[in-house]
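One structure is given here, and the rest of the page talks about it.
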Amino acid sequence: MGMNMEEAGGAAGTVRTVSRRLVRPSIGDAPPPEDIHLTPWDLRLISVDYIQKGLLLPAPPAGGDRLVSTLASSLARALRRYYHLAGRLAVEERGDGTVNVRLRCTGEGAELVHATAHGVAVADIAGSVYTPSSVVWALFPLNGVLGADAAVDSLPVLSAQVTELADGVFVGVSLNHSVGDGFVFWELFNTWSEINRGGGGAIRDLSEISARVHRRWFTDASPVPIPLPFSKLQHVVRRFDPPIMQECFFTFSAASVKELKARANDEMAGTATATISSLQALLAHLWRAVSRARRLPPGQETSYTLAVGCRGRVSGIPPGYMGNALVPAKASGTVGEVLGKGLGWTAWQLNRAVASFDEEAMREWLESWTREPQFRYFGSLMSGGAALITGSSPWFDVFGNDFGWGKPAAVRSGREGKMDGKATVYQGPERGGSMSLEVCISPDAMERLVADEEFMDKRMLCS
């Protein structure tokens with residue numbers, strides 16, 4: 001199912017596996033084994049790839065088995081806090097044409113892979129706006145594995161790969177998306193790095209952590225567990241071959257983002273009834289530039305879908321909620337409107353899409369999902385090259401992940417969900433308001449985007 005990681009990547013950038021091990025939560029007053037029932041938000045993502053994000057780090061003082069053993073020890077301590085990520089998805093075939101899926105907190109362990117790619121340098125990965133996808137994707141474990149695959153084959157829900165490069169280290173992490181979203185992913189990453197550099201990340205009231213881990217949020221009318229209308233979970237799986245795409249990574253300084261926000265709000269002065277955010281202004285800048293690069297006709301409908309977080313926004317879902325808690329918000333318009341009405345108008349459409357969040361409608365959708373489940377398939381999200389979709393958040397702490405020998409030089413993602421129009425947003429390396437966009441579009445459109453002076457102005461940083 002997944003790529004054979006014994007040897008992967010291009011000839012010059014071959015990634016070779018040195019070892020694999022299972023890392024179990026460190027011994028302590030960890031809670032007893034327990035099952036976590038999955039919500040509609042969790043279950044709808046069992047049909048997609050693992051979340052795959054990784055950090056490019058400087059070379060540590062000591063490499064090899066000493067490095068990996070140290071990282072295994074700190075990961076074990078992190079898993080003591082987030083012990084559910086050392087569990088396994090389990091399938092129950094009920095005999096009535098339905099199945100249940102749950103997360104069993106058995107402590108079987110997360111996977112840790114040690115690999116080498118001595119022919120790959122830091123500059124090969126982060127020295128250009130163009131991403132060498134075949135090399136970067138090989139720096140992640142569980143490539144091509146869907147959430148349902150892990151349930152059927154009892155694979156780890158969390159896997160990390162530590163790859164020693166010619167002059168650095170890449171730490172790539174894969175998390176089953178039905179177990180958690182970007183918030184959960186980066187909380188685990190932040191804790192792991194903090195513990196490894198000698199911080200107090202492991203010291204916290206474990207009873208409080210246990211409550212956060214197990215407190216999944218269901219509507220009052222939802223059955224628990226939720227039956228899925230398949231005799232075999234394998235029937236939920238659909239695989240698709242994405243079209244040929246080019247990946248590029250663009251970083252905007254805090255000053256550049258601030259200027260875009262000011263310009264968007266100035267253009268909507270007297271019209272907008274709320275403030276356009278920095279992120280909305282930056283994504284509007286991208287939407288307009290990609291629309292130009294795609295050379296779509298003015299009358300063509302185009303859309304931008306954002307992931308809106310429900311933590312702290314929905315009653316009953318606390319800020320530290322450990323399950324999936326995202327809903328889509330979609331802005332639409334014609335290409336002529338996006339290009340002709342300016343940055344402010346385009347950003348305002350994104351602002352209104354986010355503001356249109358309706359808790360009552362969301363609850364109704366969750367209840368209807370339990371009766372007629374609908375799963376997410378990336379193939380169905382492709383729209384003939386006229387749409388954009390953005391996940392992740394610039395507020396996740398990416399560049400604070402210092403494992404003890406230096407701060408990250410760059411962040412990159414794996415092959416998960418890559419399609420024409422996907423744009424992932426990250427905290428920028430400057431922090432303090434800088435933002436990065438990892439963009440996937442067709443090669444011809446990308447060539448025009450990189451040549452677009454309005455998009456690639458002097459305020460842009462390459463990293």
Side-chain angles (χ1 to χ4, degrees), residues 2-23 49-76 78 109-128 130-145 155-156 158-175 185-186 188-189 192-193 196-197 247 249 398-399 401-416 418 426 429 438 463:
M3 180 187 296
N4 185 333
M5 293 299 292
E6 300 308 314
E7 188 165 305
T14 299
V15 177
R16 290 186 173 87
T17 298
V18 177
S19 67
R20 298 173 183 270
R21 68 184 79 185
L22 285 177
V23 178
D49 303 83
Y50 278 51
I51 299 173
Q52 293 183 315
K53 303 286 187 291
L55 297 175
L56 189 59
L57 298 162
D65 187 64
R66 181 176 175 184
L67 167 67
V68 179
S69 294
T70 300
L71 290 171
S73 176
S74 56
L75 179 58
E111 181 183 43
L112 182 61
V113 180
H114 177 204
T116 59
H118 295 309
V120 178
V122 168
D124 295 329
I125 296 171
S128 166
Y130 289 97
T131 299
S133 300
S134 63
V135 173
V136 172
W137 293 1
L139 302 176
F140 291 90
L142 299 179
N143 276 305
V145 176
L155 300 174
L158 176 71
S159 182
Q161 180 173 319
V162 180
T163 306
E164 295 185 83
L165 309 175
D167 56 352
V169 169
F170 191 90
V171 179
V173 175
S174 299
L175 174 68
F185 181 97
W186 286 111
L188 178 279
F189 219 131
W192 184 17
S193 66
N196 199 78
R197 71 173 179 267
E247 281 184 79
F249 201 95
V398 172
F399 287 92
N401 285 289
D402 181 343
F403 279 81
W405 62 84
K407 294 183 178 181
V411 57
R412 294 293 185 269
S413 71
R415 59 166 284 180
E416 50 104 2
K418 292 291 168 67
Y426 300 97
E438 188 176 49
S463 69

With no hydrogens and no angle check, is any side-chain donor or acceptor of [X] less than 3.5 Å from a backbone partner on [Y]?
X      : Y      : result
Trp137 : Glu416 : no
Trp186 : Val398 : no
Thr131 : Ser133 : no
Asp167 : Val122 : yes
Asn196 : Phe403 : yes
Ser174 : Pro141 : yes
Ser73  : Thr70  : no

Margin query: For Phe140, does the six-membered ring have the charged nitrogen or CZ of Arg415 within the cation-pi criterion, i.e. under 6.0 angstrom from the centroid and within 45° of the normal?
Written below: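 No, Arg415 does not sit over the ring of Phe140.
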- Query: Step by step, would you call Ile125 with Val120 a side chain to side chain contact (heavy atoms under 4.5 Å, CB included)?
  - Reply: CA-CA 8 Å; Ile125 296 171; Val120 178; 3.9 Å; yes
Can you name the closest pair of heavy atoms from [X] and [Y] and give their distance?
X      : Y      : value
Gly109 : Pro156 : O-CB, 4.1 Å
Leu175 : Leu158 : CD1-CD1, 4.2 Å
Ala138 : Asn143 : CA-ND2, 4.4 Å
Ala62  : Leu67  : O-CB, 3.5 Å
Leu75  : Trp192 : N-NE1, 3.3 Å
Ser128 : Arg412 : O-NH2, 4.4 Å

* Do Leu165 and Leu56 pass the side chain to side chain contact (heavy atoms under 4.5 Å, CB included) test, and can you show the C-alpha distance, the side-chain angles, and the key distance before you say yes or no? -> CA-CA 10 Å; Leu165 309 175; Leu56 189 59; 3.5 Å; yes
Verify side-chain hydrogen bond (donor to acceptor under 3.5 Å, both in side chains) between Gln161 and His114, making sure each step is shown before the conclusion. CA-CA 6 Å; Gln161 180 173 319; His114 177 204; over 6 Å; no
Open item on the list: Under the criterion side chain to side chain contact (heavy atoms under 4.5 Å, CB included), I'd like the reasoning laid out for Arg20 against Leu112: C-alpha separation, chi angles, the key distance, then a yes or no.
Closed with: CA-CA 6 Å; Arg20 298 173 183 270; Leu112 182 61; over 6 Å; no
* Asked: Looking at Glu247 and Lys418, does any basic side-chain N land under 4.0 Å from a carboxylate oxygen?
  ->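 Salt bridge between Glu247 and Lys418, a charged N being under 4.0 Å from a carboxylate O: yes.
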- request: Give a yes or no on whether a salt bridge exists between Arg21 and Asp65, defined as a side-chain N under 4.0 angstrom from a carboxylate O.
  value: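 Salt bridge between Arg21 and Asp65, a charged N being under 4.0 Å from a carboxylate O: yes.
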Taking C-beta and beyond as the side chain, do [X] and [Y] meet within less than 4.5 Å on heavy atoms?
X      : Y      : value
Trp405 : Leu57  : yes
Val145 : Asp49  : no
Val135 : Asp124 : no

Practice prompt. Any chance you could measure His118, atom NE2, to Thr163, atom OG1, to the nearest 0.5 Å?
Written response: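 Going from NE2 on His118 over to OG1 on Thr163, the span is 10.5 Å.
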- Taking it one step at a time, do Val113 and Val162 satisfy side chain to side chain contact (heavy atoms under 4.5 Å, CB included)? CA-CA 6 Å; Val113 180; Val162 180; over 6 Å; no
Practice item. For the residue pair Phe185 and Phe189, categorise the inter-ring angle as parallel (less than 30°), tilted (30 to 60°) or perpendicular (more than 60°). Key: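 Tilted: the ring planes of Phe185 and Phe189 meet at 30° to 60°.
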Task: Test side-chain hydrogen bond (donor to acceptor under 3.5 Å, both in side chains) applied to Ser413 and Glu438, Gln52, Lys53, the passing residue - done: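 Checked Glu438, Gln52, Lys53 against Ser413; only one passes side-chain hydrogen bond (donor to acceptor under 3.5 Å, both in side chains): Glu438.
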